[in-house]
Amino acid sequence: MLKLIKASLIGYFKSPLFAVALSCCLVLGIIHGRAEWVFIHTDFDHFFNGSVWLVSPLYDIWFKCCTWVLVVLVSLKTGREFSDGTIRNKLYTGHRKTAVFLSEIVSAAVMAFFCDMVFMIPTVICAGSFFFTMPPVSCLFLLGEILLFFTVWGIFSAVLTMLAANRAVGVVAAMAVMLAFAVLNPALRGYYYNTEPAEIMETDIEHTEDGNVYAVKKSVRNPWYIDGIPKILVDIEHEADPFSRSYNICHFGYIHYPEKAVQADFDAQSEIERQGKYDAVVLILTGAVLTAAGSVIFRRKDLK
């Protein structure tokens with residue numbers, strides 16, 4: 001299997017797609033880094049003048065753009081393995097389907113690592129006021145979670161393309177699913193996080209005939225309230241969608257001056273840390289489930 005992984009990686013490294021993808025990730029990282037730098041220095045008081053909390057300057061949209069680059073790279077390269085007959089040749093020479101499949105998965109994970117590194121280097125440098133002031137353990141954990149996020153998308157792209165066994169179909173399918181997740185996640189997020197009942201009270205400002213202003217409380221329908229099957233589907237989408245994890249990453253924060261914090265701040269910090277650990281476990285399980293399920297289906301697939 002090591003020979004299969006080596007051959008697959010050499011194919012990636014020799015492909016012009018690899019250089020193009022890394023260049024795109026670097027450009028996206030620089031643009032993202034500049035946006036972070038502007039955010040940090042626009043909110044100068046928050047970052048440098050003794051605020052209890054330091055919140056993440058990361059932007060979710062740039063993670064989605066970099067994910068798009070990774071998905072295209074892995075899908076095109078994995079699909080080419082089928083279009084030029086490389087996969088079938090490996091099978092004809094005696095390699096097992098499982099070994100061939102896993103070699104592509106490992107190679108895709110390596111590509112995710114490179115894309116993550118190239119994207120995150122300018123991101124971390126430009127947001128040094130955030131990354132370099134937090135505890136080293138927290139910083140490493142956050143960077144590790146980001147790497148897991150990209151790894152899941154690399155594995156997903158390879159699995160879907162391997163199961164499609166067709167370059168064009170694999171690329172279209174991977175892109176369609178990725179874009180669907182990218183659009184659905186922010187669209188459904190309000191329904192997922194809503195804790196208010198179906199009817200909520202709102203305060204409207206009205207005027208009397210003589211022009212005086214007074215407040216009136218009214219019961220109105222909560223636009224984010226759903227229950228039953230729709231709520232279950234929203235919860236499933238949120239848990240299955242890796243972009244839920246990148247959203248949490250981009251809203252990470254930590255107590256910078258604990259001597260100024262109150263108990264509510266420490267409780268919030270504990271909740272953020274708990275959520276981060278949960279997200280990391282979910283990403284690991286997602287990658288493992290994709291790999292295991294894809295391997296079983298690929299073994300049973302007729303490639304003739």
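Everything numeric in this text was worked out from a predicted model, so none of it was measured.
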Common cluster, [X]/[Y], ILVMFWY with side-chain heavy-atom separation under 4.5 Å:
X	Y	answer
I272	Y192	no
F156	I284	yes
V124	F141	no
V110	I146	yes
I236	L184	no

Closest heavy-atom contact between [X] and [Y]?
X	Y	value
S8	S107	OG-OG, 2.9 Å
G294	L163	O-CD2, 3.6 Å
C126	I40	O-CD1, 4.2 Å
V69	C25	CG1-SG, 3.8 Å
V71	A174	CG1-CB, 3.7 Å
P57	F39	CB-CD2, 3.5 Å

Are any side-chain N or O atoms of [X] and backbone N or O atoms of [Y], one a donor and one an acceptor, separated by less than 3.5 Å?
X	Y	result
K64	V183	no
S244	E239	no
S138	M134	no
Q269	I255	yes
T286	V282	yes
S103	V100	yes
H32	L28	no

Counting heavy atoms not belonging to [X], are there more than 12 under 6.0 Å from its [atom1]?
X	atom1	answer
F266	CZ	yes
R80	CZ	no
M175	CE	yes

(request) Using side-chain contact (heavy atoms from CB on, under 4.5 Å) as the criterion, point out the one residue from I155, I105, L160, L285 that pairs with L290. (result) I155
(request) Quickly, which of N185, V152, T67 forms a side-chain contact (heavy atoms from CB on, under 4.5 Å) with P242? Name it, please. (result) V152
(request) In sequence, state the C-alpha distance, the side-chain angles, and the governing distance for F149 and D116, and then conclude on side chain to side chain contact (heavy atoms under 4.5 Å, CB included). (result) CA-CA 9 Å; F149 167 78; D116 170 69; over 6 Å; no
Step through it carefully: locate the ring centre of [X], locate the ring centre of [Y], and say whether they are under 6.0 Å apart.
X	Y	answer
F150	W153	no
F243	F63	no
F252	Y247	no

Quick one: do the [X] and [Y] side chains pair a donor with an acceptor below 3.5 Å?
X	Y	result
T78	T161	no
D279	Q275	yes
Y191	E237	no

(message) Check K277 with E145, please: is the shortest side-chain N to carboxylate O separation under 4.0 Å?
(response) no
(request) Before giving the answer on side chain to side chain contact (heavy atoms under 4.5 Å, CB included), spell out for F13 and M111 the whole-Å C-alpha distance, their side-chain angles and the decisive distance to 0.1 Å. (result) CA-CA 10 Å; F13 295 144; M111 292 303 106; 3.8 Å; yes
(request) Report yes if some heavy atom in the side chain of P122 is under 4.5 Å from a heavy atom in the side chain of L26; otherwise report no. (result) yes
(request) Could you check whether the rings of Y254 and F130 sit parallel, tilted or perpendicular, using 30° and 60° as the cut-offs? (result) tilted
(request) Determine, stepwise, if the pair C66 / L70 fulfils side chain to side chain contact (heavy atoms under 4.5 Å, CB included). (result) CA-CA 6 Å; C66 194; L70 174 62; 6.0 Å; no
(request) Report yes or no: is the cationic atom of K77 (NZ for Lys, CZ for Arg) under 6.0 Å from the centre of the six-membered ring of F18, at an angle within 45° of the ring normal? (result) no
